[in-house]
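Only one structure is covered here, and it is reproduced in the block below.
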Number of protein chains: 2
Amino acid sequence: MSERGSAHASTSGENLLFLTDDQLRRGIEAMFFAYRGFTADPDRILNDYAYGRAHHRAIHFINRSPGTTVNNLLDILGVTKQSLNRVLRALIEDGLVESQVGKRDRRERHLFLTDKGQALEKELSEAQRVRMRAAYRDAGPDAVAGFRKVLEQIMDPELRKHFQSLKDGS
Amino acid sequence: MSERGSAHASTSGENLLFLTDDQLRRGIEAMFFAYRGFTADPDRILNDYAYGRAHHRAIHFINRSPGTTVNNLLDILGVTKQSLNRVLRALIEDGLVESQVGKRDRRERHLFLTDKGQALEKELSEAQRVRMRAAYRDAGPDAVAGFRKVLEQIMDPELRKHFQSLKDGS
DNA sequence: CTTGGAAAGTCAACAAGGCTGACATAATAT
DNA sequence: ATATTATGTCAGCCTTGTTGACTTTCCAAG
């Protein structure tokens, strides 16, 4: 934590200019505008398939952790089972997701993407990656590290756990 | 500018590891989880007032640019006038927003927060700033700079203009 | 073996907040 | 005069979230 030489705004010898309300407000607005861009490309594609963001999120995390249970997905997505169920039902009916009864615990349903589901997942995630790749490249590796660091701090601790447990494998 | 692939280091003398699909996916998930945290605190407050995020956004940008017109707000928020109108009507009826007929162009309505509106704005934004302040502090100034840099690149160019024009004054 | 409770699914009803389309009004611009 | 712009409004639709009530399945503890 280096010292910064410049002028005021310090309570403990550090330059805390980056913590002014104005800086914070800039960050808040940046999050707002960026999130719109972040979802714009997948949204366009989903529209063609008559799906929405809720379907995208389910597809993403099923792809990420094949065989995950409904309850686990519920935790990650933070919606009610009724809400998720509506989405899953559509995806299963349309043949994008397969639901397998658990072997150890046959109450549980394990979720998998079918080939068709994987195809859509790839289309969606690649569209989203194109934008992120361009942003990362323009901003550079140091900026990317900071980006991720701040985002991680913004998360609720509960969600941060989920995020981190996705780091390695499911 | 090609370079894709997973794990090899450089094609042009630079280390491009931060552009791997895995890194991109991590960023995508970080955005997802962080945005949830980002909106969580205001959402809780809004719930008490029977308002939603749409009201928050309107309040935020009216506070940011007092006297802004409906059309300008429409551009920034990226929703239809019907959608915005529903929200504005509620805020005006409840005495949080005041709508003044334009003087030069009397078709326009200029929007202002009343004292009551400013009070809610302050409550909402302070709740959001508490989280952001903690995140900024934990991540440090360099990370914050990178955070903002990447977010700005993620925005649609159209929205980036709006973001940037909010930098100074309205 | 019975039973309590967990996991999952389902139905119904509702709300917020998006959307489109059609139309009204007022005022500016041509 | 007429066209265009800015705004407002009504009606209706969709997605995606919510609660509440209820059922089915099935594991596990008594």
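In the text below, chain A, chain B and the rest are named by the order of the sequence lines, each starting its count at 1.
In this structure, CG of B/D43 is placed 14 Å from P of C/dA16, rounded to the nearest angstrom. Atom CG in A/L84 sits about 16 Å away from atom P in C/dC11, given to the nearest Å. One interatomic measurement links the two molecules: NZ of A/K81 to C1' of C/dA7, which rounds to 8 Å at whole-angstrom precision. Distance, B/R36 CZ to D/dT16 C1': 14 Å, rounded to whole Å. When the P atom of C/dA6 is taken as reference, atom CG of A/N72 falls 18 Å away, rounded to whole Å. At whole-Å resolution of the value, CZ in A/R53 and P in C/dA16 are 20 Å apart. Across the protein-nucleic acid pair, A/L77 atom CG and D/dG17 atom P stand 8 Å apart, rounded to whole Å. C/dA27 atom C1' lies 17 Å from atom NZ of B/K103, rounded to whole Å.
Put simply, the side chain of B/D43 reaches to within 4.5 Å of the side chain of B/L46, judged on heavy atoms.
Ring planes of A/Y35 and A/F38: tilted class, angle from 30 to 60°. Ring geometry for B/Y136 versus A/F18: interplanar angle under 30°, hence parallel rather than tilted (30 to 60°).
Using a 4.0 Å cut-off, some side-chain N or O of A/N71 falls inside it from OP1 or OP2 of C/dA8. Put simply, B/R89 has a side-chain N or O that comes within less than 4.0 Å of OP1 or OP2 on D/dT9. Contact between the side-chain N/O atoms of A/R106 and the OP1/OP2 oxygens of D/dT25 is not found at any separation under 4.0 Å. Residue B/T80 has a polar side-chain atom (N or O) positioned under 4.0 Å from OP1 or OP2 of C/dC19. Dashed line: the shortest gap from a side-chain N or O of A/N85 to OP1 or OP2 of C/dT10 is under 4.0 Å. OP1 or OP2 of C/dG9 lies within a sub-4.0 Å distance of a side-chain N or O belonging to A/R109.
A donor-acceptor contact shorter than 3.5 Å is absent between the side chain of B/R109 and the backbone of B/T68.
For the pair B/R26 and A/F163, the distance from NZ or CZ to the six-membered ring centre is under 6.0 Å and the angle to the ring normal is within 45 degrees.
Side-chain to base pairing of B/R107 with D/dG8: no donor and acceptor N or O lie closer than 3.5 Å to each other.
Contact annotation for B/H55: backbone-only contact, meaning every heavy-atom pair under 4.0 Å involves sugar-phosphate atoms and none involves a base.
Comparing A/D105 and A/Q82 by the nucleotide of DNA chain D that holds the closest heavy atom to each, the one mapping nearer the 5' end is A/Q82. Between A/R57 and B/L88, the residue whose closest nucleotide on DNA chain D is further toward the 5' end is B/L88.
In this structure, the nucleotide among D/dT18, C/dG18, D/dG8 sitting nearest to the side chain of B/R86 is C/dG18. Of the listed nucleotides (C/dC19, D/dG17, C/dA8), C/dA8 has the atom at the smallest distance from the side chain of A/T69.
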